[in-house]
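Single-structure report; data block below.
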Amino acid sequence: MKISIAKTQNKALKASANIVLLPKSAFSKSAYAKVCKPFGFEGEGRFFIQQTHTLLVCLEAFEVDCIREAGANAIRYFKALPYENVYIHLQGKMDNERVYAFFLGALCGHYEHISYKTKKPSLRLKELILLDSKGELKDGELLLQKAQILSCNINDVRELINTIPQVATPKYLAKYAKQISKDIAHIECKILDEGDLEREKMGAFLAVNAASTNPPRLIHLSYKPKNAKKRIVLVGKGLTYDCGGLSLKPADYMVTMKADKSGGCAVMGIIKAIAQLGANIEVHAIVGAAENMIGGNAYKPDDVLYSREGKTIEVRNTDAEGRLVLADCLSYAQDLNPDILIDFATLTGACVVALGEYTSGIMGHNARLKEQFGKAAEKSGELMAELPFNRHIKKLIESKIADVCNVSTSRYGGAISAGLFLSEFIREEYKQKWLHIDIAGPAYVEKEWDINPSGASGAGVRAGVEFILSQAKA
Ligand code: BES
Ligand code: ZN
Ligand code: ZN
C-alpha cells in the first residue's frame, strides 16, 4: 500500500474517503457533533458518516499508542469498503511521532494470514494520504520510508512464522536467509549444516534435532556498514516445530508450536530493516533452526549433552529444548566479540503466565542495558517488562550428575530459571553485554490485538530495531 503526505485534498481523486482522528474531548464542540448526534453517536469509538464518506474515530487520548492502534483499526474497517484512496485528518496534536505511529499501525493492520485460503478477500484500498495543510511536518519523506521499511519487515516476519511446519523447515529458513542476502546490499549469509554443527561441537543443538527427518541449520546473517560504531549480535530461537520431544506436549499445547521459530524469524527481520535503514551499526543475526520431534533417534530425559562451551547438560525434560539450541548459538555468537548480545526466543510458557500474552520478558545482568532496551521497546509500541534474576532460582538448575540441568527443580519462576540456564553459557566478559528477551506471550496470539492480526505478530522486530537505532545515536 502507498502512503504519502499532501498539503491539499485532490478533489478529482475517484473512490476517495476520509479518516478523521479526533480526541474524544473535542467531539462535542466539533462540526461532527451535529452530524453524528442525531444517530445517537456521542463520541465513543467510531462512526461512519455516509454523506461525506468519512470514518470518524474518537480517541480516549491523542497519544502515540492510541493513534497507532487506531491506524490499524481504521484499515481493518476499510477492508470491507470499496474506496481506493483515503485521506487522513489528524485533528489533534500532529507531529512526526504521531504520524509515524498512525502509518505504522495502518500498514501493520493491513496484514492478514490468508495464504492457505483459496478465496482471498479483494482489497481495493491502494493509498493513504495524510493531510498536512499547514505544512507542520518536517522530514516527512524519512518518516514515510521508516514506516514502510518497518511494516514490510514485520509483515514478512509474520508470514514466515505463519508458514506451516511442513513447509517451513530449517532448510527453508536457511533458503529464506540466503534470499535476504541476495536482495539486500551489505548483507551476507553463511549457513552451517549438520556436518558443520558436528565440527563446531554443538552437541546440545544437535541433540534437539536428532529425531527429526529435517536436518538442522545454523543461519548467520551479517550486516557490516563502513565506519560501524558498534557490533550487535542477535540470536534467535528457530524451532520450526516443537512437539516437546519424548517429554511430549499434550495435544492442546502442541497446536501453535509452528510459532516456536518466532525469535529466529524476528532477528532476520531486524537485520534486514537495519540494513535498509542504513544504520551505522554492525549487526549479526544468528538463527538456531531445528525441529524437536520424537522417534528412535530422539534425545532423552537422562541424557547428558556436551555443549559447544564445554559445559555438560543433564536433560530431564526434552521440551526445554530452546535453551539447548540457544546455548550453542550463544557460544558461537560470543566468538564474534559483540559489544551487545541479545537473544530473542519463545522460551517458556512460564513467561506467558507471569506477564500475560501481550508482554515480553527482559532478562539480563546489566540493569542499564535492560532499562535502555525497555525504553526502546516502549517507544516502539511493544510491551516488555523486566523479570529479575536471583541467586536462589539459580540454585534450582544445579545438576547432581552434570554441570547444569536443563530444567528447574521448582514449578515456579520458570521464565527466570530458563534465563539463568542461558546465562550459564555466557562467558564472564560478556555477562554485562547480554540480554535475553522471552517473546513466548506476544509472538503468536490467536486473536486480533493492538496492531496485530490473529496469529504471528512479529514480536521483537519493532523493539529490536528501535534499540539498535538508539545505539547508533548513542
Ligand atoms: N516453546 C516452548 C515455550 C512456549 C510455550 C512458547 C507456550 C510459546 C507458548 C518451550 O520449548 C517449552 O516447551 N518450554 C517448557 C519448559 C519446561 C519443560 C521447563 C514450558 O514452558 O512448559
Ligand atoms: Zn519445548
Ligand atoms: Zn520450544
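Computed from a predicted structure; not experimentally measured. We count residues from 1, following the sequence as given.
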| Asp438-Thr348 side chain donor-acceptor pair, cut-off 3.5 Å | yes
| If we only count heavy atoms from C-beta on, is the Met202 to Leu218 side-chain gap below 4.5 Å? | yes
| Residues, nucleotides or ligands: over 12 heavy atoms within 6.0 Å of Lys93 NZ | no
| said: The test is salt bridge (charged side-chain N to carboxylate O under 4.0 Å, His left out); show your working for Glu466 and Lys146 and say whether it passes. | reply: CA-CA 11 Å; Glu466 211 57 64; Lys146 188 179 170 192; 3.2 Å; yes
| task | Can you measure from CG (Leu369) to CH2 (Trp434) and round to the nearest 0.5 angstrom? | result | 11.0 Å
| remark: Between the CD atom in Gln372 and the CG atom in Leu435, the distance rounded to the nearest 0.5 Å is 9.0 Å
| field | Note: Glu282-Lys229 ion pair, threshold 4.0 Å (strictly below) | value | no
| said: Testing Glu291, Gln166, Lys171 one by one against Asn214 for a side-chain hydrogen bond (donor to acceptor under 3.5 Å, both in side chains), which residue passes? | reply: Glu291
| Can Glu314 and Arg316 be counted as an ion pair, charged N to O under 4.0 angstrom? | yes
| said: Within the supplied structure, the quantity of interest is the number of heavy atoms (other residues, nucleotides, ligands) at a distance under 6.0 Å from Lys120 NZ; does it exceed 12? | reply: yes
| Going by heavy atoms in the side chains, are Tyr172 and Thr240 under 4.5 Å from each other? | no
| Sub-3.5 Å donor-acceptor pair from the side chain of Gln148 to the main-chain atoms of Met1, do we have one? | yes
| message | Testing the 3.5 Å rule here: is there a donor-acceptor pair between the side chains of Tyr111 and Asn162? | response | yes
| said: For Asn153 and Gln276, which I'm curious about, is there any donor-acceptor pair between the side chains at under 3.5 Å? | reply: yes
| query | When you measure from the side chain of Asn155 to the backbone N and O of His110, does any donor-acceptor pair fall under 3.5 Å? | reply | no
| Among His220, His284, Glu200, Glu309, the one residue meeting side-chain hydrogen bond (donor to acceptor under 3.5 Å, both in side chains) with Tyr332 | His220
| query | Nearest heavy-atom pair of Tyr241 and Val255: which atoms, and what distance? | reply | OH-N, 4.4 Å
| said: For Glu429, I'd like to know if atom CD has over 12 heavy atoms of other residues, nucleotides or ligands within 6.0 Å. | reply: yes
| said: Please check: side-chain N/O of Lys261 versus main-chain N/O of Ile161, any donor-acceptor pairing under 3.5 Å? | reply: yes
| task | Measure the spacing between CZ of Phe102 and CG of Leu104 and express it to the nearest 0.5 Å. | result | 11.5 Å
| Can we say Lys237 and Asp343 salt-bridge, meaning some charged N sits less than 4.0 Å from an Asp/Glu carboxylate O? | no
| Roughly how far, to the nearest 0.5 Å, is CG of Asp335 from CG of Leu330? | 11.5 Å
| said: Does atom NZ (Lys2) have a neighbourhood of more than 12 heavy atoms from anything else shown, all under 6.0 Å? | reply: no
| query | Has Arg76 got more than 12 heavy atoms of other residues, nucleotides or ligands less than 6.0 Å from its CZ? | reply | yes
| field | Gln179, CD: over 12 other non-hydrogen atoms inside 6.0 angstrom | value | yes
| said: How close do Ala333 and Val235 get, counting heavy atoms only, and between which atoms? | reply: CB-CG2, 3.7 Å
| field | Donor-acceptor under 3.5 Å (Ser457 side chain, Pro442 main chain) | value | yes
| With side chains defined as the heavy atoms from C-beta onward, is the minimum distance between Lys117 and Glu112 less than 4.5 Å? | no
| query | If you measure from CE on Met257 to OH on Tyr444, what distance do you get to the nearest 0.5 Å? | reply | 10.5 Å
| task | Indicate whether any N or O donor in one side chain lies under 3.5 Å from an N or O acceptor in the other, for Tyr299 and Asn209. | result | no
| said: If I take atom CD1 from residue Ile274 and atom CD1 from residue Ile281, how far apart are they, to the nearest 0.5 angstrom? | reply: 8.0 Å
| message | A side-chain contact here means heavy atoms from C-beta on lying under 4.5 Å apart; do Ile468 and Val465 qualify? | response | no
| task | Decide yes or no for Asn452 and Trp449: does some side-chain heavy atom of the first lie under 4.5 Å from some side-chain heavy atom of the second? | result | yes
| said: Any heavy-atom pair between the side chains of Ser417 and Leu396 that's under 4.5 Å? | reply: no
| query | Checking Arg231 side chain against Asn337 main chain: does a donor-acceptor pair fall under 3.5 Å? | reply | yes
| message | Counting only heavy atoms from other residues, nucleotides and ligands, does the tally under 6.0 Å from OH of Tyr100 exceed 12? | response | yes
| request: State, yes or no, whether a side-chain contact exists between Arg368 and Gln432 at a heavy-atom distance under 4.5 Å. | output: no
| said: What I want to check is whether the side chains of Asp403 and Thr312 have a donor and an acceptor closer together than 3.5 Å. | reply: yes
| Heavy atoms, side chains only, cut-off 4.5 Å: are Ile313 and Arg323 in contact? | no
| request: Kindly check if the number of other-residue, nucleotide or ligand heavy atoms within 6.0 Å of CD (Glu97) is above 12? | output: no
